[in-house]
There are 2 protein chains.
Amino acid sequence: MTDTTQHRASIPHSPAEPDARARLEHAGLEATPRRIAVLEALAALPHAPAAQELLDAVRRTTRMDKVTLYRTLDLLVEAGILQRHSGADGAFRHCMAPAGENAPHGHFQCTRCGVMTCLPPLPTALDATALLPAGVTVEHVEVRLDGVCGRCGKS
Amino acid sequence: MTDTTQHRASIPHSPAEPDARARLEHAGLEATPRRIAVLEALAALPHAPAAQELLDAVRRTTRMDKVTLYRTLDLLVEAGILQRHSGADGAFRHCMAPAGENAPHGHFQCTRCGVMTCLPPLPTALDATALLPAGVTVEHVEVRLDGVCGRCGKS
DNA sequence: ATTGAGAATGCAACTCGGTTGCATTTGAGT
DNA sequence: ACTCAAATGCAACCGAGTTGCATTCTCAAT
């Protein structure tokens, strides 16, 4: 049968595609169409989207179930390709992990529109470890500034 | 009918009760039994509990619906008596707001047992505002360190 | 090109934290 | 005691994220 369906993500290769594929294969993961689509959609967004927003973006090019998205996000976070951050609304956001692994960055989230944006790497590296109770090990530092973004502030 | 039920929170006044009552009245809120019970339970806990854990604690002395707890927490956060923080698991935790309002504190959360503990006030006051995009206003700073606590680290 | 095994995906149903609407109860002020 | 607004309980709901299982896809070995 001739394949006139849109079951396959037969998008003409976008410029970001080879990069996404490379990142996946470098991490030892299969470079499947959905995973590439997720990475491309994420790279194209100027902020760190919630799962639903990311799903909407991916679906403009690729058919994908929400469960697949959640599993893909788990996988990519596990592989260190993405970072996961908790929003002030209790939903998670994801963004590309910066190249310099050791340069953690914080986020700003608007309490009105909910958009979360990445900040440049933190200069004053939190030496908060000095404040910790004895015997603890820190694996991850989360810094989030909540407030009102420029656009919401005007209206 | 004779009232043999435990509908009323007829706990013999605990030492923390007058304080809780004072805080509520100072904020212009009715000092109802549930609100006092929530504040007492929270003050008695050594960490910042999730709603379910707090509800369990309150129910050891007072009958309370979960909706009432959530509404009470909203109210107390709004009044500045409590602080709300996002856990790494997406659930909120609440703790007493420290006396010095201008001294924000961070939190440590164990990724295994989920317990969130308050840290001393941050010494290196985040001057991250310098990193922010133009036009934004910051209302709240959230700093969370995720890792393994002493107890979980041993086992 | 064919095929077979394991990984990836979709679908449905579910869990869990939190919320909403509405009826009932409580409690402060008369 | 009476009244009326505020507080509470109950049931039903919502959205984010998860689980189980059947189907489809990938890739490697023929």
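To find a chain, count down the sequence lines: A is the first, B the second, and so on, and within it residues start at 1. Since this is a predicted model, take the numbers as computed values, not measurements.
Under the rule for a side-chain contact (heavy atoms from CB on, under 4.5 Å), the partners of A/Arg112 that lie at least two apart in sequence or sit in another chain are A/Cys110, A/Val148, A/Cys152. In this structure, the side-chain contact (heavy atoms from CB on, under 4.5 Å) partners of B/Leu75, at least two apart in sequence or on a different chain, are B/Leu29, B/Arg35. Under the side-chain contact (heavy atoms from CB on, under 4.5 Å) criterion, A/Thr117 pairs with A/His47, A/Phe108, A/Val115, not counting sequence neighbours. Qualifying side-chain hydrogen bond (donor to acceptor under 3.5 Å, both in side chains) partners for A/Gln52, counting only residues two or more places apart in sequence or in other chains: A/Asp56. For the side-chain contact (heavy atoms from CB on, under 4.5 Å) test, no residue two or more places apart in sequence or in another chain qualifies with B/Glu78.
Rounded to whole Å, the distance from CG on B/Leu55 to P on D/dC10 is 12 Å. Atom CG of B/Asp65 and atom C1' of C/dG21 are 14 Å apart (whole Å). Distance A/Asp89 CG to C/dT19 P: 11 Å, rounded to the nearest Å. Rounded to an integer number of Å, the gap from B/Leu76 CG to D/dA7 P is 11 Å. For the pair B/Leu54 CG and C/dG18 C1', the computed distance is 14 Å after rounding to whole Å.
Axis orientation changes by 20° from one end of the helix from C/dA1-D/dT30 to C/dT30-D/dA1 to the other, with each end axis drawn from 5 pairs and the value rounded to 10°.
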Distances under 3.5 Å only, N/O to N/O: pair up the protein atoms with those of nucleotides 28-30 of chain D.
none

Which atoms of nucleotides 15-18 of chain D (N or O only) lie under 3.5 Å from a protein N or O atom, and what are those distances?
| unit_1 | atom_1 | unit_2 | atom_2 | d |
| --- | --- | --- | --- | --- |
| D/dG17 | OP1 | A/Phe92 | N | 2.9 |
| D/dG17 | OP2 | A/Tyr70 | OH | 3.0 |
| D/dG17 | N7 | A/Lys66 | NZ | 3.3 |
| D/dG17 | O6 | A/Lys66 | NZ | 2.9 |

Please enumerate all protein N or O atoms sitting under 3.5 Å from an N or O of nucleotides 5-8 of chain C, with distances to 0.1 Å.
| unit_1 | atom_1 | unit_2 | atom_2 | d |
| --- | --- | --- | --- | --- |
| C/dA8 | OP1 | A/Arg35 | NH1 | 2.9 |
| C/dA8 | OP1 | A/Arg35 | NH2 | 2.8 |
| C/dA8 | O5' | A/Arg35 | NH2 | 3.2 |

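Residues A/Val77 and A/Leu39 share a hydrophobic cluster, clusters being chains of Ile/Leu/Val/Met/Phe/Trp/Tyr side chains in contact below 4.5 Å. A/Val143 is connected to B/Leu119 through a chain of hydrophobic side-chain contacts under 4.5 Å among Ile, Leu, Val, Met, Phe, Trp and Tyr, so both are in one cluster. A single hydrophobic cluster is seen to contain both A/Val38 and A/Leu45, as judged by linkage of ILVMFWY side chains at heavy-atom distances under 4.5 Å, directly or through other members.
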Would you give me the side-chain donor-acceptor pairs under 3.5 Å for residues 89-96 of chain A, sequence neighbours excluded?
| unit_1 | atom_1 | unit_2 | atom_2 | d |
| --- | --- | --- | --- | --- |
| A/Asp89 | OD1 | A/Ala91 | N | 3.1 |
| A/Asp89 | OD1 | A/Arg93 | NH2 | 2.9 |
| A/Asp89 | OD2 | A/Arg93 | NH2 | 2.3 |
| A/Arg93 | NH1 | A/Gly114 | O | 2.8 |
| A/His94 | NE2 | A/Arg84 | NE | 2.8 |
| A/His94 | NE2 | A/Arg84 | NH2 | 3.3 |

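For the pair B/Arg23 (side chain) and B/Ile36 (backbone), a donor-acceptor distance under 3.5 Å is absent. In this structure a side-chain-to-backbone donor-acceptor pair under 3.5 Å is present from B/Thr61 to B/Val58.
Among residue pairs with one or both ends in residues 133-154 of chain B, those qualifying as side-chain hydrogen bond (donor to acceptor under 3.5 Å, both in side chains) are A/Ser86-B/Arg144, B/His85-B/Glu142, B/His140-B/Glu142, B/Arg144-B/Asp146; sequence neighbours excluded.
Side-chain N/O atoms of A/Arg63 include one lying less than 4.0 angstrom from OP1 or OP2 on C/dC11.
Take the nearest nucleotide of DNA chain C for A/Thr72 and for B/Arg71: the residue whose nucleotide is more 5' is A/Thr72.
Here B/Met116 is tied to no hydrophobic group at all, with no ILVMFWY side chain closer than 4.5 Å.
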